[in-house]
2 protein chains.
Amino acid sequence: MSDMSARLLALLSLLQTPREWPGSELAERLEVSPRTIRRDIDRLRELGYPVQATMGAVGGYRLAAGAAMPPLLLDDEEAVAIAVGLRTAAAHPVDGIDEASVRALAKLEQVLPSRLRHRVGVLAAATVPMLAGAEPPVDPRTLVVLAGAAANRERLRFAYRSGDGAETRRLTEPYRLVTAGRRWYLLAYDIDRDDWRVFRADRIGDPHPTGVRVPARVPPEQDPAAFVAAKLHSSAPVYEVVATVRLPAGQVAGRLGAAAGTVEPIDDHSCRLRGPADTLEWLASRLLMLGCEFEVHEPPELRAYLGALGARAARAAQTPTITY
Amino acid sequence: MSDMSARLLALLSLLQTPREWPGSELAERLEVSPRTIRRDIDRLRELGYPVQATMGAVGGYRLAAGAAMPPLLLDDEEAVAIAVGLRTAAAHPVDGIDEASVRALAKLEQVLPSRLRHRVGVLAAATVPMLAGAEPPVDPRTLVVLAGAAANRERLRFAYRSGDGAETRRLTEPYRLVTAGRRWYLLAYDIDRDDWRVFRADRIGDPHPTGVRVPARVPPEQDPAAFVAAKLHSSAPVYEVVATVRLPAGQVAGRLGAAAGTVEPIDDHSCRLRGPADTLEWLASRLLMLGCEFEVHEPPELRAYLGALGARAARAAQTPTITY
DNA sequence: GCCATGTAGGTCATGACCTGTCCTAGATGA
DNA sequence: TCATCTAGGACAGGTCATGACCTACATGGC
């Protein structure tokens with residue numbers, strides 16, 4: 001059944017390999033005549049996939065970059081690699097592609113064979129903490145559920161731990177998943193409280209959609225991100241960091257990344273760093289990893305943290321008195 | 001042309017969305033009769049894609065997890081997110097899926113539209129250094145080229161900086177790209193030197209395939225990874241770390257990840273960490289991020305590094321004397 | 001300069017199969 | 001109980017995919 005569609009998919013899969021395929025070899029693999037292969041390649045081209053052909057004795061076909069993304073045909077290991085990569089990316093929303101990576105993760109996990117899902121879990125558990133700071137990492141599966149419920153307009157029930165440790169059960173209509181700083185937030189309508197609320201994703205436990213589809217509620221504001229930012233600003237203080245770094249501005253900007261704030265040169269050997277510091281631990285480790293001298297002017301909390309860190313490092317570095 | 005294939009692909013794309021699609025809506029979107037939609041869904045099922053259907057008044061179709069990976073149909077942003085995630089994953093080969101992620105990256109970058117490629121470059125530049133340690137990060141594009149040349153058996157020409165800074169041009173026949181520790185190595189036959197060599201990927205500059213395809217050379221050993229490890233062992237010393245951590249063993253194992261080594265409990269409050277420490281900087285930062293007391297017994301180099309780090313942190317934490 | 005080997009594409013006969021339009025059966029929630 | 005969805009059989013008509021054979025053209029090795 002639908003012989004040709006399966007063959008076109010297989011052809012697309014073969015052409016995505018980074019090598020050149022002679023038409024005769026493709027014909028052999030797909031068990032059709034070379035003429036049909038040529039026709040299939042024409043078909044792919046008409047569908048918008050730019051199949052490049054190099055002529056001559058050592059020629060062959062390969063898929064080039066075109067105007068649109070062709071369907072990606074992955075083997076098991078590649079799928080696992082992508083899932084793991086997306087999970088770590090979702091756990092560290094520092095990009096400009098936060099929600100896209102969660103969407104892609106949702107897509108992938110929806111169709112990921114169960115045996116692979118297990119491998120993803122194991123590998124992600126071994127990988128995520130390596131990149132994490134002191135932040136409580138978000139469970140990427142939670143993010144996937146939240147994003148799915150928001151996109152699907154499904155009611156969502158979950159347990160929520162507030163800042164003081166109290167746990168409540170919530171019934172909500174999710175509207176959008178957004179990032180602010182280095183955290184994920186769910187903007188949703190809380191049905192019991194009859195108002196819009198902002199939930200920190202890392203405090204949401206055991207979310208599951210109720211299956212009830214609801215019409216889109218009028219959002220509280222045009223821009224969900226702005227609404228979340230406003231809510232946060234009123235509750236949690238955001239530190240503003242000012243530091244002098246003894247390294248040329250260009251190097252600092254390159255090694256800290258764009259999200260760290262602005263870097264202004266002071267002279268050829270040092271520069272000033274200014275920016276929001278949503279988590280002190282993360283910024284401290286970044287600064288230390290630069291490997292150069294630096295001074296922190298603001299905030300005092302960061303100085304205190306660095307002092308404690310330095311003392312702990314010094315204690316750890318002492319020649320041990322115990323044997324082992 | 002090839003109307004049905006395009007429709008099946010579009011159908012697959014729609015079904016990958018995390019929502020349920022009634023057959024009538026699918027028929028409307030794809031501009032065919034509902035009967036044809038049902039037939040298409042049958043076809044997909046025969047091709048191995050498990051389309052789940054919920055019956056009843058609010059029913060619909062959706063794609064579930066099956067035995068094999070269906071072709072992933074991504075929009076622009078999702079493709080960019082995956083590419084960025086894979087780049088950072090490739091730059092930090094700590095997993096068990098190193099080469100798979102490079103393969104997937106090669107596949108993706110081969111077909112990524114150029115306008116998206118640009119966005120990937122920008123975002124990756126802003127993201128990679130955030131996660132990087134003091135290590136010189138590898139250029140993921142270099143990795144992609146290396147892996148492609150090895151898979152395609154193409155001769156590869158590149159510039160190589162040795163440890164003392166000398167730069168030479170090499171003409172090689174790449175055999176395999178492997179990871180050892182937290183670095184990438186290329187195992188290749190050096191044609192000018194007429195012998196097998198191991199190249200550090202981060203020291204390879206400006207690689208480009210010559211286009212010359214060569215038959216597979218007899219590899220120096222069964223296992224490329226073992227060969228690389230042997231080569232490295234003879235040249236670079238590998239530290240063995242021993243540390244006492246004042247935290248329960250379970251927590252340490254979970255937060256350091258599997259690649260950090262073995263964790264044995266000492267008592268309820270502390271444990272012993274043993275393992276290879278390929279890079280001191282990385283391990284030091286991981287230990288500090290645990291947020292607990294710890295003592296380093298071996299190697300002395302790690303103690304020295306921690307001491308210097310602690311002193312630097314202490315200096316940075318002092319109340320600044322300059323105004324700003 | 002020649003030849004082998006690859007892509008590119010035209011034509012034609014045959015028959016498979018895709019499609020829309022009927023139809024009925026079964027499941028499910030309001 | 002009824003509306004609404006999935007599931008699937010029967011049938012007629014015509015599109016179009018396939019293989020066989022052909023020529024034209026590009027390229028690299030000899």
Side-chain angles (χ1 to χ4, degrees), chain A residues 1-12 14-15 19-47 49-64 152-155 209-215, chain B residues 1-12 14-15 19-47 49-64 152-155 209-215:
Chain A
M1 284 333 121
S2 143
D3 213 2
M4 192 180 85
S5 301
R7 198 179 58 237
L8 282 187
L9 243 53
L11 190 55
L12 219 38
L14 289 176
L15 291 178
R19 59 164 285 199
E20 298 226 321
W21 295 88
S24 56
E25 192 174 345
L26 292 173
E28 206 173 317
R29 287 241 328 212
L30 302 179
E31 297 178 336
V32 288
S33 74
R35 184 67 183 92
T36 299
I37 290 294
R38 285 203 291 278
R39 271 196 277 251
D40 282 352
I41 283 177
D42 273 351
R43 273 190 271 266
L44 288 183
R45 287 178 178 151
E46 280 176 39
L47 287 176
Y49 307 126
V51 181
Q52 267 186 0
T54 55
M55 317 243 334
V58 292
Y61 297 99
R62 67 188 307 165
L63 193 59
N152 208 8
R153 308 202 179 291
E154 264 182 311
R155 280 200 181 163
T210 62
V212 177
R213 204 83 64 78
V214 290
Chain B
M1 290 327 121
S2 141
D3 213 1
M4 194 181 83
S5 300
R7 198 180 57 236
L8 282 186
L9 243 52
L11 189 55
L12 218 37
L14 289 176
L15 292 178
R19 60 162 285 196
E20 297 224 325
W21 294 89
S24 55
E25 192 174 345
L26 292 173
E28 205 173 318
R29 280 224 182 190
L30 301 178
E31 296 178 336
V32 287
S33 74
R35 185 66 183 93
T36 300
I37 290 294
R38 285 202 292 278
R39 270 194 278 250
D40 282 351
I41 283 177
D42 271 353
R43 273 189 270 266
L44 287 184
R45 286 177 177 153
E46 281 177 36
L47 287 176
Y49 306 125
V51 180
Q52 267 187 0
T54 55
M55 316 231 354
V58 292
Y61 298 98
R62 66 187 309 165
L63 192 59
N152 207 9
R153 309 201 179 291
E154 263 182 311
R155 282 201 179 161
T210 62
V212 178
R213 203 86 63 79
V214 290

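Every chain is numbered from 1 and lettered A, B, ... according to where its sequence line falls, protein lines coming before strand lines.
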Check whether any side-chain heavy atom of [X] lies under 4.5 Å from a side-chain heavy atom of [Y], and answer yes or no.
| X | Y | value |
| --- | --- | --- |
| Asp40(B) | Arg43(B) | yes |
| Arg38(A) | Tyr61(A) | yes |
| Glu25(A) | Glu28(A) | no |
| Leu8(A) | Leu8(B) | no |

- Name the closest nucleotide to the Tyr61(A) side chain, picking from dA8(C), dC18(C), dA17(D).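 Nearest to the side-chain atoms of Tyr61(A), counting from C-beta on, is dA8(C).
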Below 3.5 Å is the cut-off: list the nitrogen or oxygen pairs between protein and nucleotides 20-30 of chain C, distance only.
{"residue": "dG20(C)", "atom": "OP2", "partner": "Ser33(B)", "partner atom": "N", "Å": "3.4"}
{"residue": "dG20(C)", "atom": "OP2", "partner": "Ser33(B)", "partner atom": "OG", "Å": "3.1"}
{"residue": "dG20(C)", "atom": "OP2", "partner": "Thr36(B)", "partner atom": "OG1", "Å": "2.2"}
{"residue": "dG20(C)", "atom": "N7", "partner": "Arg39(B)", "partner atom": "NH2", "Å": "2.6"}
{"residue": "dG20(C)", "atom": "O6", "partner": "Arg39(B)", "partner atom": "NH1", "Å": "3.3"}
{"residue": "dG20(C)", "atom": "O6", "partner": "Arg39(B)", "partner atom": "NH2", "Å": "3.2"}

- Message: Measuring from atom CG of Leu12(A) to atom CD1 of Ile41(A), what distance do you get when rounded to the nearest 0.5 angstrom?
- Response: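 With rounding to 0.5 Å, CG (Leu12(A)) is 10.5 Å from CD1 (Ile41(A)).
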Rounded to whole Å, please give me the gap between [atom1] in [X] and [atom2] in [N].
| X | N | atom1 | atom2 | value |
| --- | --- | --- | --- | --- |
| Leu30(B) | dT19(C) | CG | C1' | 14 Å |
| Met4(A) | dG15(C) | CE | P | 21 Å |
| Asp40(A) | dG9(C) | CG | C1' | 15 Å |
| Leu8(B) | dC18(C) | CG | C1' | 11 Å |
| Ile37(A) | dT7(C) | CD1 | C1' | 13 Å |
| Trp21(B) | dC5(D) | CH2 | C1' | 17 Å |
| Leu15(B) | dT6(D) | CG | P | 11 Å |
| Arg43(A) | dG9(C) | CZ | C1' | 14 Å |

- Kindly say if Arg45(A) contacts the phosphate of dA8(C), meaning a side-chain N or O under 4.0 Å from OP1 or OP2.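 Affirmative; the distance criterion is met.
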- Query: Quick one: is Arg7(B) getting a side-chain N or O under 4.0 Å of the dC18(C) phosphate, OP1 or OP2?
  - Reply: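 False: Arg7(B) side-chain N/O out of range (4.0 Å or more) of dC18(C) OP1/OP2.
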- Query: Does Arg45(A) CZ have over 12 foreign heavy atoms under 6.0 Å away?
  - Reply: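 Enclosed.
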- Would you call Asp42(B) and Arg39(B) a salt bridge, taking side-chain N to carboxylate O under 4.0 Å as the test?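 No, this pair does not count.
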